[in-house]
Every structure is written in structure tokens, then in C-alpha cells.
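Whatever order the structure lists them in is the order used to number ligands and atoms, beginning at 1. Just so we're clear, the structure is a prediction, and the values are computed from it rather than from any experiment.
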Amino acid sequence: MQKLQGIAVSPGVAVGEALVMDNEGFRIPRRFVARDAVEHELERLEAAISAAGCEIERNREAVFRELGEQYAAVFSAHLQMLRDPALRQELESMIRERHYSPEYAVSRALRRYAKVFQTVESAYLAERASDVIDIEKRLLRNLLGRRREELAHLISPVIVLAHNLTPSETANLNRTFVRGFATEIGGPGSHTAIVAEGLEIPAVVGTGAFLTDVSGGDLVIIDGDHGLVILQPDEETVAHYRYEAEQNKSRAVQLEALRELPAETADKVRIELLGNIEFPHEVQHCLERGADGIGLYRTEFLYLGAECEPDEDVHFQAYSNVIQEIQGRPVVIRSCDLGADKVAFDAEAARNPTLGLRSIRLSLKNLPLFRVQLRAVLRASSLGDVRLMFPLIATLLELRQAKMVLADVMDDLDEEGVAFNRRLPVGMMVEVPSAVLMIDHFVDEVDFLSIGTNDLTQYALAADRSNKDVAGLYSSADPAVLRLIRMAIDAANQKNVPVNVCGQMSGNPLYAMLLLGLGLRRFSVTPSAIPEIKKICRTVTIDQCRQVAQRALTLENSRDIKSYLRDELHKILPELVA
Ligand code: PEP
Ligand code: MG
């Protein structure tokens, strides 16, 4: 058994068989073979080794002809490893004595070799690890042949283990079969993490390298509450986690009882609890939890995996579906936040994409793209309670430009006689520190604000939200971030401008009392977080929360603040403290 500590990004527990996604995505379909099939399986292994040997020889000859012996030597080394009698003996005994399938034996043995190479302190030997992995892949390709299974064609439940998953790969995971995932890289605020939460799949990212320690088919546990990945767990651990999963289920059932009740504090202050969505089908997840509406619709996900750029009708259709399903409740449509780690849109690969042509900057620079979306939003505004929000506003000029484009598109629609809501509420995300510093001006020019703590944290602390190496610094509980949030909420409340927090922070039970105490009355959260946040709201008084916020703001660092907030949450609802 091996335990890896990563970053918990999507809660819940999953126990199942590993599907190891290296760049070729092999999956070992069976771990064991029947006793009477051993001889046949040994023959299969023999055939695979000999076929792989022929392939390597062909490659060696081709490279030798073109480039000479020096370059062909690498293939000679591969051949030597492949035909090493010690390897052959080890594989044979795994199949004969432990009844491993040849695929599983190959994967286990070669990954163990690769691991040894990786751990020795020699750059030359460390590089040999990739040669070993190369041989493993070649043998697996020969063994699995057409039976190779891919992520797109799963037929049984798996836990996906990968070096990295992009937001679009994550969005396309098959929820019926993918029970959880873990990646070697990735940070707490990455969009991969956000999509995982939206899909309600337990997930851990940023574990560091571990793929050489695991083979497809191995038993794995993903503990998305504590950020743990457990490889080849013992029986006791499996039993513990199966119990934990049952507990989670029964807690969720208990919270379901809150569905029809309002999010109202014990002293009768009504709190608006909205859902964040990436895809129209998630409206259902919001309604199941009794959301008051959609506080953030991340429309850039329309571009994920799309073969061509979505046109006005594609946008309109998606918005209409959301509006229809949400049955009269408000929907905040955010204009596309393309770029950075979501959907690459920058023709020139930016060296620093989060500071580059992203989000509203990209929309303002690519007006045809922006106008297409605005036309669709406006058309949809005649169907329900639609509100429009601009992301990543950093300057007043940007906001004004965006509003001018909107006014222009409205004039076009008027001329064409197309129906829309001329009084469409227009708001902005507060997620760049400059916007907070100028918030007293912004509140005069918008109908509402939404604080995006995911980006606000990254820009305030200069800590990439997707980078595990700075995950310790990237914390929305940092006192500097809390001051920014307080400034934005105060300015909005003074002018009676509705303000919301839609970053991941607002869905984390740890911060609910703090945010209520800072004067927040609207939360927009991942749908699965709605019941817990509602439970907290219904347990506390505003006065109690104010005291918590006041005390938290006197503390000097994120660790102390989190530990204080954990203690306070433990006092009122211990079951919500992970
Ligand atoms: C945020 O930055 O907090 C936010 C909600 O936007 P996104 O996560 O989509 O960047
Ligand atoms: Mg953001």
C-alpha cells in the first residue's frame, strides 16, 4: 500500500480499478488468468516479446541507415533490455506462480524497473526510465492489440490516473464509468478542478510523479476530501473507505431534507444561494439542491471540444435551455472567459497566459466573436430573468468599452426588430486587485458585482491557481485576499449594489460564516455545495458571523485564519469539518 498526498479538489471517496493514462492511455483489462490458461498466456507473452523485438530491430536498422550507429545504439539498448533473461524469468514466474495476466505482469515488472532508475542519483540512469516505459508500451501494444481500451470506450468502472487532464478532457470524462481521478500536476484553482467538482467526481491533483508505481487494473482509492491517493490499499483501508463512502451518502440524504427550505439565518436574514454551472445539464444539479438560480454560467465551456467556433444559434440554444429549465429564476450569463488554462485562443502561444490576452480582453480585441455572444444573450434575455456579466475587468475603460459594444448590439437588434430586454442587468466580476482598488467607481456603473476569488487570490498573491508548487501560497484565506473581499463587499453594500462571491471559496463550508460576517448575502457555489452552505446559514446568526469575521481579520496568515475558522465551524457543525 502506498499513500500519496495531493490537493483535494473535488470531494467524495472512490474505490476502484486504476486506468493509467499515460500519453497512450493503455488499460490492463484483467489482472489474473485461470490456472489452466497459464501455458497459453506464456505463449502470448513469448509472441509479444518476439514481435516487439522485431519492431525494435526494424527501427534500429532504419535509424542506422539514416543517422549511423551512434543514434541506432538506443535501440540496441532496448533490445538488450527486452531480451534480458532475468526480465523474462521474472515475467514467467509472475504468470506461472501468481497467475498474473501477461499484460499485468509486464506493466508491474517494467514499472518497478523504471522506478528504480528514477530514484538513483544519476541523470543518465534516470533517463533510462523512459526507455523502460517505452518497452512496456511496446509490449502492451502487442499484447493488447485490438483489445486496447480507451477512455472514450469504457465498459466498466475505473479510477483515472493521469499526468495531467485538461479541462476539456475532464469535461468529457464518462461519468457513468469514471468514479474518480488523480493527476500528478495541477493546482487547487485550476479549471480541471472546477470541472471535476461540477461533474461531482472525487478528484485529487498535484500528487507529484507516481504513475510508474501503478499499473492498470490495480486497486486505488481516491479520497477527494483529504487529497489522498492510495495505491494498492490493504483490506482494512478499503473497508474504512467503503464505510466512509456510505457515511457520505447518508449525510447527503440527511441534507436533502433542506431542499425546500430557504437559506435563511437563525435570525431570519434571507441569503440567496445560487449555483455555478459550466454546462446546461448542470441546471438539474442546481434544482435538485434547491438553488435560487444560476449565479455564474461559465459560457466559455461551449468552446470546449467544439469542432468549430459556436455560432449565435449554438450560444442561443444553450442559453435558452438553461433559462427554460431554471423556471423563472435568475441566470447570470458570463461572457466568455477564454484563454489562460481553459481554452487556448491565443494564436501566439503566450508565455504568461493568465496575464495575457484572456477573458474580456480577448472579447474586446475580437469584436465579431464578442458580438455573436452578446446577440445571443440579448435574444435569450426576452425568455427569462437573464443578467449579463463581464469577466476579468481590470479598468473602468474596459467596462465602458464592453458596455458600449453591448449598446451597439442592442441598436442592431432594435433595427432588426428582434425582441430583447433593454434593461438587461449588467454586472462585472471582481477578480483583479485593480478592480477592488477602484471599486467605489465601479459600483456606480454596474447593476451587480460578483467576486471571483479564484482569480482574485491568484492575482493578489501572484500565485498561479493551477500550479501545485505554489499551492501553499495560493489561499483565499490569506489576510490580503480577505481585505480585498471586504473592500468590495463594503463598497457594494454602501451603494446597495447586489454583490455575490462566485469563486470556489463561497462553496467551502469553512468560509461561510466569515463571508456572512463580512456582509455577503449572496453565494454562488458548485451545485454539490449548496446543501452544506444552506445548513450553515440556517444554523448561525449574523451577529455570530460578524464576530467570527472580525476575529479572523485580526489574524496575520492564512494558516491561522483557516485553523480559527475550522474551530468555529467545528463548534456549530462538527460533521462539516473534513
Ligand atoms: C473566479 O475567478 O473566482 C471565477 C469564479 O471565475 P473562473 O474560476 O471561471 O476563472
Ligand atoms: Mg475568474
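Residue Thr453 places at least one N or O, backbone or side chain, under 3.5 Å from an N or O of ligand 1.
Note on ring orientation: taking the six-membered ring where Trp is involved, the planes of His315 and Tyr319 are tilted (angle from 30° to 60°).
Heavy-atom proximity to Asp337, at under 4.0 Å, picks out these atoms of ligand 1: 10 (O). Close approach of ligand 1 to Leu296 is summarised as follows: ligand atoms under 4.0 Å from at least one heavy atom of the residue are 5 (C). Taking a cut-off of under 4.0 Å to the non-hydrogen atoms of Cys502, the atoms of ligand 1 that pass are 5 (C). The atoms of ligand 1 that sit less than 4.0 Å from any heavy atom of Arg298 are 4 (C), 5 (C), 6 (O), 7 (P), 8 (O), 9 (O). Which parts of ligand 1 touch Arg465 is read off a 4.0 Å heavy-atom cut-off, strictly below it: atoms 2 (O), 7 (P), 8 (O), 10 (O).
Contact annotation for Arg334 and ligand 1: only side-chain heavy atoms (C-beta onward) come within less than 4.0 Å of the ligand. When non-hydrogen atoms are compared, ligand 1 lies under 4.0 Å from neither the backbone nor the side chain of Asn276. The residue Ile451 has no part lying near ligand 1, judged by heavy-atom distances below 4.0 Å.
In this structure, Lys534 contributes its side chain and Arg259 its backbone to a donor-acceptor pair below 3.5 Å.
Using a 4.0 Å cut-off between a side-chain N of Lys or Arg and a carboxylate O of Asp or Glu, Arg551 and Glu568 do not qualify as a salt bridge. Using a cut-off of 4.0 Å between Lys/Arg side-chain N and Asp/Glu carboxylate O, Arg289 and Glu200 are scored as salt-bridged.
For atom 4 (C) of ligand 1, the nearest non-hydrogen atom from the set Glu278, Met505, Met429, Gln504 comes from Met429.
More than 12 heavy-atom neighbours from other residues, nucleotides or ligands sit within 6.0 angstrom of CZ on Arg270.
The atom of Glu431 nearest to the Mg ion (ligand 2) is OE1, with the search restricted to N, O or S atoms.
Ser506 pairs with exactly one of Thr526, Val501, Ile533 by the side chain to side chain contact (heavy atoms under 4.5 Å, CB included) rule, that one being Val501.
Here Asp455 meets the criterion, with an N, O or S atom under 2.8 Å of the Mg ion (ligand 2).
When the salt bridge (charged side-chain N to carboxylate O under 4.0 Å, His left out) test is applied to Asp567, no partner is found at least two apart in sequence or on another chain.
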